[in-house]
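Have a look at the structure that comes next, please.
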Amino acid sequence: MKMTLEIKVDDLDLFTKVLNATATVLEDEGTFVVNPKDGMTLRNMDKPRFAMVDLKIKPEYFHGDFKCDKEYKISIQMQDLKKILQRGGKEDSLTITLDEEKNLLKFTFEGRVKRQFILPLSEPEESTLPDPNALKYDIKAVLFSGSLTDFIKDASIIGGSINLYAEANKMIFSSSQDNREVKIEIDTQSENSAAKLIEAEGTHEALYSIDSFKNLILVDQAFSEVQLTFTSVRPLHLLYTDARGIELGYLLAPMQPDLDDELEGASSDDYDDDEDDDEYDDEED
Amino acid sequence: MKMTLEIKVDDLDLFTKVLNATATVLEDEGTFVVNPKDGMTLRNMDKPRFAMVDLKIKPEYFHGDFKCDKEYKISIQMQDLKKILQRGGKEDSLTITLDEEKNLLKFTFEGRVKRQFILPLSEPEESTLPDPNALKYDIKAVLFSGSLTDFIKDASIIGGSINLYAEANKMIFSSSQDNREVKIEIDTQSENSAAKLIEAEGTHEALYSIDSFKNLILVDQAFSEVQLTFTSVRPLHLLYTDARGIELGYLLAPMQPDLDDELEGASSDDYDDDEDDDEYDDEED
Amino acid sequence: MKMTLEIKVDDLDLFTKVLNATATVLEDEGTFVVNPKDGMTLRNMDKPRFAMVDLKIKPEYFHGDFKCDKEYKISIQMQDLKKILQRGGKEDSLTITLDEEKNLLKFTFEGRVKRQFILPLSEPEESTLPDPNALKYDIKAVLFSGSLTDFIKDASIIGGSINLYAEANKMIFSSSQDNREVKIEIDTQSENSAAKLIEAEGTHEALYSIDSFKNLILVDQAFSEVQLTFTSVRPLHLLYTDARGIELGYLLAPMQPDLDDELEGASSDDYDDDEDDDEYDDEED
């Protein structure tokens with residue numbers, strides 16, 4: 001058997017956190033696309049098709065320990081992956097190897113002891129989802145360390161859904177149900193503000209499921225800030241970026257209509273023209 | 001809308017602990033009486049009517065940030081209150097405001113972000129309960145830091161009920177069920193004793209529900225000592241006092257007869273004559 | 001009442017851990033044999049009769065505070081014992097006293113307060129189990145601090161059962177189910193190895209229930225190493241030893257045939273001849 005895909009992870013901490021968050025959103029199967037140029041990527045919708053995860057772990061993240069001769073589509077049970085990653089110790093490195101012949105993915109932790117976990121591959125999902133980074137927006141903001149987590153927890157007390165509103169110098173997260181309400185108003189121009197507005201064209205407002213936001217708490221705590229872009233009519237896009245080479249995008253459809261219509265039935269007007277991420281999609285049916 | 005009731009809480013920690021404990025006992029609705037002289041008070045029985053909470057948060061506790069022009073009766077869902085208080089951060093202050101017109105209570109946390117929670121008011125309970133501080137007793141003791149919590153946990157292993165016995169220099173907490181027993185004997189005169197007897201006339205003994213005691217563990221851990229007064233026949237009275245202006249009283253009926261008969265059907269003999277806490281009760285039906 | 005059995009425990013921490021682990025394995029009743037020579041011992045099978053606990057707490061462990069005039073058989077509910085031991089504080093000493101007349105065991109914690117728990121005795125189990133230390137083996141190894149806990153947790157992700165393999169310089173713990181696998185390979189000769197092979201005659205391999213292993217995690221974390229002896233056909237024997245005078249043995253039957261046949265129906269060939277631990281068994285029926 002010729003070794004065709006072998007990835008070594010030294011920085012297990014962040015790697016584990018983003019994949020845990022991804023597993024929490026996707027619930028069961030996840031399809032990774034691995035290729036020499038983009039590294040390890042995953043673009044999948046969650047089961048109810050409300051949200052989409054767009055994960056990119058660039059080859060740089062693996063410090064040269066990224067051996068990959070062509071593009072591979074690897075589909076695995078995300079809950080199995082999550083459990084395996086939790087077994088990684090502080091001193092361990094992790095090597096992920098594909099056995100194409102046997103249709104298996106191997107995870108080898110090496111520390112004081114060598115431990116190897118093996119997962120079977122599933123049939124990869126073939127649907128191509130558009131690049132969330134190409135989605136048009138009118139509001140662009142940055143939320144600082146843990147603010148989004150706080151807002152989600154605040155809204156969870158009330159339940160139901162999260163309403164997001166933004167205009168020139170203001171963002172409001174709110175939620176109301178059974179005469180109970182919560183309202184978090186951010187003056188984005190004040191010093192030490194929890195958020196900064198970078199672009200704001202007009203006023204925008206939309207409603208999102210709290211549960212979809214809750215899946216993000218784990219990853220939100222792992223990054224120092226998150227970029228948020230949205231409009232009243234298109235999905236909300238959250239983008240977590242780590243300088244070591246990880247990008248985790250999260251696309252969330254407004255509560256009506258659902259993300260399915262939004263994304264797959266989207267008119268080309270919703271996306272910018274400079275989309276070129278489908279470079280490796282040619283092999284698909 | 002004229003602002004008629006506005007309370008600012010700087011010391012959220014103790015405030016949150018006593019209200020959490022109160023919410024644990026009361027389960028659903030709680031009725032606060034707020035007036036310029038006594039501050040924020042609550043005197044309610046628990047649902048099975050075994051126990052009574054008597055909470056007083058004096059105007060001083062709010063360091064002058066206590067704006068109140070007359071007496072208000074404010075009834076809210078205690079579990080909602082508990083959840084809201086848990087969202088207070090270390091750096092936050094909390095302002096509680098009544099909107100009489102809309103029948104709402106507003107909780108505004110101010111820190112790096114301004115967050116406002118709104119709860120609807122319920123119909124206040126109108127029954128007047130007697131002042132537990134006026135209840136006659138023959139035994140008066142002080143239990144030091146966490147001792148009561150320990151005794152409750154010890155008794156919980158055995159289950160059933162807690163038996164309390166006291167005489168001149170001795171207090172005994174005990175519990176027995178299915179041939180299992182626990183007995184905690186305190187020599188109140190020994191150095192470093194867990195309790196000190198202040199008054200002890202005769203020997204007294206009574207039985208209480210362990211579950212009613214368990215509700216107290218949270219608040220018991222927040223105070224450095226608790227005053228306990230009781231007799232064989234009248235309810236047990238626990239009193240937590242904090243010099244900053246908080247008093248939390250907890251009245252617990254012996255297991256037979258129940259507190260209802262004890263308190264509401266109590267003969268005037270059970271209470272001292274200097275009761276004057278009903279000064280503001282005139283407006284009631 | 002003449003005091004006939006009184007044991008004082010100063011080092012509550014380890015004592016509590018080994019008895020907690022024993023209680024976890026046995027679930028309900030446990031029978032202690034206490035005598036002047038061997039101290040406090042227990043040799044009981046678990047409920048499904050897959051595993052056996054063999055606990056010895058020598059008189060030395062109690063630093064001379066071990067008063068015992070003859071052999072006693074004491075049977076108690078292990079879950080009650082576990083709960084009582086959890087109530088021991090850091091500063092407490094514990095005195096265990098038998099009241100033969102009343103058929104009770106008393107646990108007295110002494111710290112700032114004197115707390116006494118009393119448990120009723122049950123009818124002791126009379127079956128005599130063979131000494132696991134006399135069981136023949138071909139593989140003898142030592143696993144270092146927490147390694148076994150790690151292997152059990154690794155295998156638990158996959159589920160089903162644990163396969164143990166050993167030959168000259170190698171030990172392999174593995175588990176597989178539904179195309180998922182884990183394999184932990186230990187080069188017992190490498191520096192800093194997680195295990196050391198002391199004796200290895202031939203190659204041996206056997207399958208054990210993961211759940212039976214899981215019961216050991218608590219005790220495995222309390223000791224710095226564990227001795228493991230096994231063959232392909234006889235039960236696995238784990239032995240935890242603490243220099244202060246505690247030995248905890250754990251015997252685990254391979255998954256087929258079960259321990260019952262293995263132990264009770266064992267031919268004398270399975271055991272060495274120097275068995276002399278039945279010195280006190282004469283009084284049994």
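Proteins come first, then strands; the chains are lettered A, B, ... in the order of their sequence lines, and each starts at number 1. The figures that follow rest on heavy atoms only: side chains count, while hydrogens, waters and symmetry mates do not.
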- Message: Please classify the contact of Gln86(C) with chain B as side chain, backbone, both or neither, using a heavy-atom distance under 4.5 Å.
- Response: neither

- Among residues 207-214 of chain B, residues within the sub-4.5 Å heavy-atom range of chain C, in order of number, are none

- Is the CD atom of Glu199(B) crowded by more than 12 outside heavy atoms at less than 6.0 Å?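 Counting other residues, nucleotides and ligands, CD of Glu199(B) exceeds 12 neighbours.
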
- Task: Step by step, work out the side chain to side chain contact (heavy atoms under 4.5 Å, CB included) result for Ile118(C) and Lys183(B).
- Result: CA-CA 9 Å; Ile118(C) 298 178; Lys183(B) 188 173 158 188; over 6 Å; no

- Count the heavy atoms belonging to other residues, nucleotides or ligands that lie under 6.0 Å from NZ of Lys82(C), then report whether that count exceeds 12. yes

- Item | Closest non-hydrogen atom pair between Arg112(C) and Ser145(B), with its separation |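 In this case the closest contact between Arg112(C) and Ser145(B) is NH2-O, 4.0 Å.
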
- What option among Glu191(B), Lys153(B), Glu185(B) has the most heavy-atom pairs under 4.5 Å with chain C?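 The candidate making the most pairs under 4.5 Å is Lys153(B).
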
- Item | Ser176(B) OG to Phe117(C) CZ distance, which is reported to the nearest 0.5 Å | 13.0 Å

- Query: Quick one: what part of Phe151(B) sits under 4.5 Å from any heavy atom of chain C, side chain, backbone, both or neither?
  - Reply: side chain

- Item | From CG (Asn179(B)) to CG (Leu121(C)), nearest 0.5 Å | 10.5 Å

- Task: Please step through salt bridge (Lys or Arg N to Asp or Glu O under 4.0 Å) for the pair Asp187(B) and Lys114(C), ending with a clear verdict.
- Result: CA-CA 9 Å; Asp187(B) 172 357; Lys114(C) 187 175 171 178; over 6 Å; no

- Non-hydrogen side-chain atoms of Arg87(C) and Asp150(B) separated by less than 4.5 Å: yes

- Task: Give a yes or no on whether the backbone of Asp80(C) and the side-chain of Arg180(B) come within a donor-acceptor separation of less than 3.5 Å.
- Result: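 Pair absent, no side-chain N/O of Arg180(B) close to backbone of Asp80(C).
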
- Message: What residues of residues 10-26 of chain C make heavy-atom contacts with chain B at a cutoff under 4.5 angstrom?
- Response: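 Within residues 10-26 of chain C, no residue comes under 4.5 Å of chain B, counting heavy atoms only.
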
- How long is the span from the CG atom in Asp178(B) to the CD atom in Gln77(C), to the nearest 0.5 Å? 10.5 Å

- Message: Tell me whether the count of non-hydrogen atoms from other residues, nucleotides or ligands lying under 6.0 Å of CD in Glu201(B) goes above 12.
- Response: no

- Task: Could you check if a side-chain atom of Asp154(B) sits within less than 4.5 angstrom of a side-chain atom of Phe109(C), using non-hydrogen atoms only?
- Result: no

